[in-house]
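Each remark here refers to the structure printed beneath this line.
Each ligand, and each atom within it, is numbered from 1 in the order the structure gives. This one's a predicted model, so the numbers in the text were calculated from it and none came from an experiment.
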Amino acid sequence: MAQRTLARYLTEEQRNKGVITGDLKLLIEVVARACQAISIAIGKGGLGDVLGEAGSDNVQGEAQKKLDVLSNDILLDANEWGGHLAAMASEEMDLPHLVPHRFPKGEYLLTFDPLDGSSNIDVNVSIGTIFSVLKCPESADLSTPEAAERAFLQPGTAQVAAGYAVYGPTTLLVLTVGDGVACFTLDREQGQFLLTQEHMQIPADTKEFSINMANQRFWEAPVQRYVGEMQQGREGPLGKDYNMRWVASMVADVHRIMTRGGIFMYPIDSKLTAQGGKLRLMYEANPMAMLVEQAGGAATTGHCRILDIAPARLHQRVPVIMGSKNEVARITAYHTA
Ligand code: P6P
């Protein structure tokens, strides 16, 4: 039997299970096509004028890469005319982008990190796009971008879909609409995503952890304890040897965990206290937390479930600990000990 396309998977989720609406199906297909275009742009590398700095900073005060700006523009252009969205928010934009009045407005809100892992672009290491879909509240005030921010401030449990594209040796789309996690591989000849794994499951236990060890001296005690115990290996209290991986692209690190288990940590540390953490809640932590939980894993800040957080600001940052549920339970217990 021919491999199922993304369109067929979404049609079955809509028709057979009633899990999604026609507009949400359209939204996801549009985002997938935008990710295909981003993959093509990235693939040009030094052969196209896409590497290096854009000469501007984003709302986070981070220097933007040309591909950050290009990816953001691709997602905005692809999504604003279809009639399925009311507004979009991005890591690269201070305020939400309202659907222009010349186009019909839809019932969904889309948030995204258009190109996650930008520090890896110029050294040819995997990067990705992360996206999250929310319903736009009926009462939302979309009169101005400033007013529209409030419509996005919903907990992660309100997400109706979440996904990421990882631009690596192959381009993958990993997606949940609340009915498990499916993985699609981009067939460049056909120009579409084909289903290659239908029910991704994260093993409950692992021997692999993912954290930036350079920050060790800044970590709080529970993280120091947990990482120290893993470093003690089989002679230590955890009774097994661990391995470490850190790609510094959240999408690549989390995809590895979605595929073979592990625990990903970007915890609060003493140099991040004022910011509240490193990773952004609305378009990094929340979509990844929905995917991880849908795959049988867990995702907390160390103190609470990420999906339960009531956002206060669009670009809010949070500590992130996610992956194999038994390991997440252990380090979370250390935080509350
Ligand atoms: P560090 C990429 O910039 C990112 O937002 C995540 O994708 C990644 O996990 C993290 O930052 C890497 O941070 O401190 O290792 O550079």
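- His315 and Asp94 share no donor-acceptor pair across their side chains, judged by distance under 3.5 Å alone.
- Summarising the geometry of Pro311 relative to Gln154, their closest heavy-atom pair is CG-O, 3.2 Å, with the distance given to 0.1 Å.
- Checking only distances, Asp253 never comes within under 3.5 Å of ligand 1, N or O to N or O.
- Less than 4.0 angstrom separates some heavy atom of Leu279 from each of these atoms of ligand 1: 5 (O), 6 (C).
- Scanning all protein heavy atoms for the shortest distance to atom 14 (O) of ligand 1 gives Tyr266 OH, 2.6 Å.
- Inclusion of Asn215 in the set of residues having an N or O under 3.5 Å from an N or O of ligand 1 is not warranted.
- Which parts of ligand 1 touch Lys278 is read off a 4.0 Å heavy-atom cut-off, strictly below it: atoms 10 (C), 11 (O), 13 (O), 14 (O).
- Heavy-atom contacts of Phe264 reach the following atoms of ligand 1: 9 (O) (cutoff under 4.0 Å).
- Using a non-hydrogen distance threshold of 4.0 Å, Ser119 does not register as a contact of ligand 1.
- Nearest heavy-atom pair across Ser324 and Gly261 is OG-CA, 3.7 Å.
- Of all heavy-atom pairs between Leu27 and Tyr108, the closest is CD1-CB, 3.6 Å.
- Atom 9 (O) of ligand 1 has its nearest heavy-atom neighbour, among Met250, Arg317, Met265, in Met250.
- Atom 4 (C) of ligand 1 has as its closest protein heavy atom Asp116 OD1, 4.0 Å.
- The two residues Asp187 and Glu189 have their closest heavy-atom pair at OD1-N, 2.9 Å.
- Ring orientation note: the planes of Phe264 and Trp246 are close to parallel, at an angle under 30° on the 30°/60° scale.
- Counting atoms of ligand 1 from 1 in the listed order, those under 4.0 Å from a heavy atom of Glu284 are 5 (O).
- Near Arg280, the atoms of ligand 1 lying under 4.0 angstrom from a non-hydrogen atom of the residue are 5 (O).
- Across all non-hydrogen atoms, the minimal contact from Asn286 to Pro155 is ND2-C, 4.4 Å.
- For ligand 1, the atoms closer than 4.0 angstrom to any heavy atom of Ser249 are 7 (O).
- Annotation: Lys207, atom NZ; neighbour count of heavy atoms from other residues, nucleotides and ligands within 6.0 Å does not exceed 12.
- Not a single heavy atom of Ser118 sits under 4.0 Å from any atom of ligand 1.
- Annotation: side chain of Phe131 is in contact with side chain of Leu110 (closest heavy-atom distance under 4.5 Å).
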